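Just so it is clear, the values below take in all heavy atoms, side chains as well, and ignore hydrogens, waters and symmetry mates. It should be emphasised that the depicted structure is a prediction, and the values quoted were computed from it without experimental measurement.
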Amino acid sequence: MRLFVEGRTALFEHLHYFAAHHKDIVWFHVASLGEYEQAKPVIAKLKEKMPGHSVLLTFFSPSGYENVIKKPQANVDFISYLPLDTPVNAKKFIDLVNPNAVFFVKYDLWANLILEAKRQNIPLFLFSASFRPDQVYFKYYGGVFRKILKSFDHIFTQNQTSKDLLTTIGYPLSSLTGDTRFDNVHALSQSPKIFPEIKEWINDEKVMVVGSAWQEDMDLLLTLINSDAPYKYIIAPHDINIETIRLWQEAIKSNSSLYSTLISKEESKVLFIDNIGMLSSLFQYADLAYIGGAFGRGLHNILEPLAFRVPVIFGELKIKNKFPEAGISLQYGCGFQVKDSDELIEVVDQLLINERYDKASNAAGKMVMDNLGSAEKIMAQVMIHLNQ
């Protein structure tokens, strides 16, 4: 909350400086880090097709802004918090930035800002949209929220279900273009950051990389780790809490290490990643991946390991249609859902059989390749709207 408030101090002064020194601004808004990952391929395509334009990126969440602001971002000219969504702030923001076009990603839609942009006839686009029948837009009492959706000049959906739902409320200007995260994870897999010390620690043994581990995930994983499965484990916790990591270390029968103090060729079975920013590149070293969050607040990104052709295991989802990529992975045969440690061990044992592992690995590669090109499709339609 402190970051949420302090981050918006002098916000308009900073935006004024940016607007005074840049022309032809295009505004992208994302909720947090996950949505920014979806925005990256579209931002890159926009810069490729409209190189004279400047990109303003706004975040709602401190967890997104505070992590991204620490280092330069390719194709982004300025990064800011989103002002609080009041009618006064919305008009002040739109008047000040005066964007040529506005892009919202997935779901973080703010009524006053959207309606003000619409009032000023600024082209509005929503991409990587994923809707469910139980959302307010599709309820009899959702008139105000439908007005927000209908303000967009074009909505690009992740799946056919979302496109069909838009049709039920009389919104015709939509296209099925898929999830832009496929473009992003594929690009990341082509040039991952290399960690020689981790490669040396692995020492040609099989590795399972655990991404975004919560306590509920570790409750399953500890049984596997303490078994005789022929794996080393690289574990990236969802939250970097040294006390929690220490408790997990105590529950592991074999030796474990922290990345921050890792010594070359250190003899340990488990390596805990006690910093942020490494996970997406760690999957290059994985034979298997387990992605956390399904038992709690939400499944983390399973597409990152799949881009490296790594089969992925995750917990039983409470809301299956909230994470369509998980369902797709199950259909392709590269994703595996487990509800307890017994099922986890059973899946791991099955994937030790070479032909089954190869089939799952090939399916992962096919799933990613089959879903590339979303950003190109989006920008092709956007260019038509902008008469470029």
Side-chain angles (χ1 to χ4, degrees), residues 32-38 63-64 67 179 181-182 184-189 192-195 198-199 201-202 206-222 224-225 229 231-241 244-245 248-249 252 256-260 262 269-317 322-323 325-326 328-330 334-338 341 344 347-348 351 360-361 364 367-368:
S32 193
L33 277 175
E35 293 71 38
Y36 178 44
E37 294 302 315
Q38 290 178 301
S63 64
N67 282 301
D179 188 344
R181 285 183 300 170
F182 284 97
N184 190 55
V185 297
H186 180 258
L188 287 171
S189 72
K193 185 176 180 180
I194 306 300
F195 301 100
I198 290 182
K199 185 175 178 59
W201 174 82
I202 292 170
K206 288 182 178 294
V207 173
M208 175 185 283
V209 173
V210 177
S212 194
W214 294 73
Q215 184 61 54
E216 295 89 342
D217 302 298
M218 290 302 295
D219 290 340
L220 271 68
L221 288 159
L222 286 169
L224 175 67
I225 293 169
Y231 285 95
K232 282 189 167 184
Y233 301 87
I234 299 175
I235 300 176
H238 179 78
D239 293 313
I240 308 299
N241 183 302
T244 299
I245 292 175
W248 291 347
Q249 286 182 296
I252 295 170
S256 62
S257 307
L258 298 178
Y259 176 74
S260 60
L262 182 65
K269 184 179 181 179
V270 180
L271 177 62
F272 285 98
I273 305 300
D274 52 349
N275 60 38
I276 60 174
M278 292 175 61
L279 181 57
S280 60
S281 290
L282 290 177
F283 294 113
Q284 68 184 296
Y285 303 114
D287 296 281
L288 277 181
Y290 178 98
I291 301 301
F295 295 115
R297 293 173 60 185
L299 181 64
H300 189 67
N301 189 355
I302 69 168
L303 300 182
E304 291 175 343
L306 294 177
F308 289 97
R309 302 173 64 91
V310 176
V312 62
I313 305 170
F314 46 87
E316 190 171 49
L317 293 166
K322 192 174 181 181
F323 302 96
E325 69 277 13
I328 296 171
S329 74
L330 296 173
C334 53
F336 302 87
Q337 187 174 230
V338 298
S341 57
L344 174 61
V347 169
V348 170
L351 290 172
S361 177
M367 175 178 164
V368 173

Looking only at non-hydrogen atoms, find the nearest pair between S329 and I302 and report the distance.
OG-CD1, 3.8 Å
Interatomic spacing from OH in Y233 to CZ in F272 - rounded to 0.5 Å:
12.0 Å
In Å, rounded to the nearest 0.5 Å, how long is the span from CH2 of W214 to CG of D239?
5.5 Å
Where do S257 and L262 come nearest, in terms of heavy atoms and distance?
CB-CD1, 4.2 Å
Closest approach of I235 to A213 (non-hydrogen atoms, all atoms of both residues):
CG2-CB, 4.1 Å
Output for pair (L306 CG, H186 NE2), nearest 0.5 Å, gives 13.0 Å
Y259 and F195 aromatic ring geometry - parallel, tilted or perpendicular at 30°/60° bounds
perpendicular
Any side-chain heavy-atom pair of I313 and V338 under 4.5 Å
yes
Go through the steps for M367 and F182 under the test side chain to side chain contact (heavy atoms under 4.5 Å, CB included), then give the verdict.
CA-CA 9 Å; M367 175 178 164; F182 284 97; 3.9 Å; yes
Would the distance check show the side chain of E304 and the main-chain N or O of F283 forming a donor-acceptor pair, the cut-off being under 3.5 Å?
no
Main-chain N/O of V270 paired to Q249 side chain as donor or acceptor, under 3.5 Å
no
Candidate pair L299 and I291, rule side chain to side chain contact (heavy atoms under 4.5 Å, CB included), full reasoning:
CA-CA 7 Å; L299 181 64; I291 301 301; 4.0 Å; yes
Mind checking the CG-CD spacing from N301 to E37? Nearest 0.5 Å is all I need.
7.5 Å
Check: I252 main-chain N/O paired with K269 side-chain donor or acceptor under 3.5 Å
no
Can you measure from CD1 (I198) to NZ (K232) and round to the nearest 0.5 angstrom?
11.5 Å
Judged by atom type as modelled, is there a donor-acceptor pair below 3.5 Å linking the side chain of S281 to the main-chain atoms of M278?
no
Do you know the tightest heavy-atom contact between F295 and G315?
CZ-CA, 3.5 Å
On a heavy-atom basis, the closest approach of S280 and F308 is O-CE1, 3.4 Å
Show the nearest heavy-atom pair for residues P305 and V312, with the distance to one decimal.
CG-CG2, 4.1 Å
If we check side chain to side chain contact (heavy atoms under 4.5 Å, CB included) with P237, which of these qualifies: D274, I245, I276, T244?
I245
Applying the side chain to side chain contact (heavy atoms under 4.5 Å, CB included) test to M208, which of I234, L351, V348 qualifies?
V348
Measuring from atom CG of L271 to atom CH2 of W201, what distance do you get when rounded to the nearest 0.5 angstrom?
5.0 Å
Can D179 and Q38 be said to form a side chain to side chain contact (heavy atoms under 4.5 Å, CB included), step by step?
CA-CA 7 Å; D179 188 344; Q38 290 178 301; 3.1 Å; yes
Chi angles and distances behind the side chain to side chain contact (heavy atoms under 4.5 Å, CB included) call for D217, H238
CA-CA 10 Å; D217 302 298; H238 179 78; over 6 Å; no
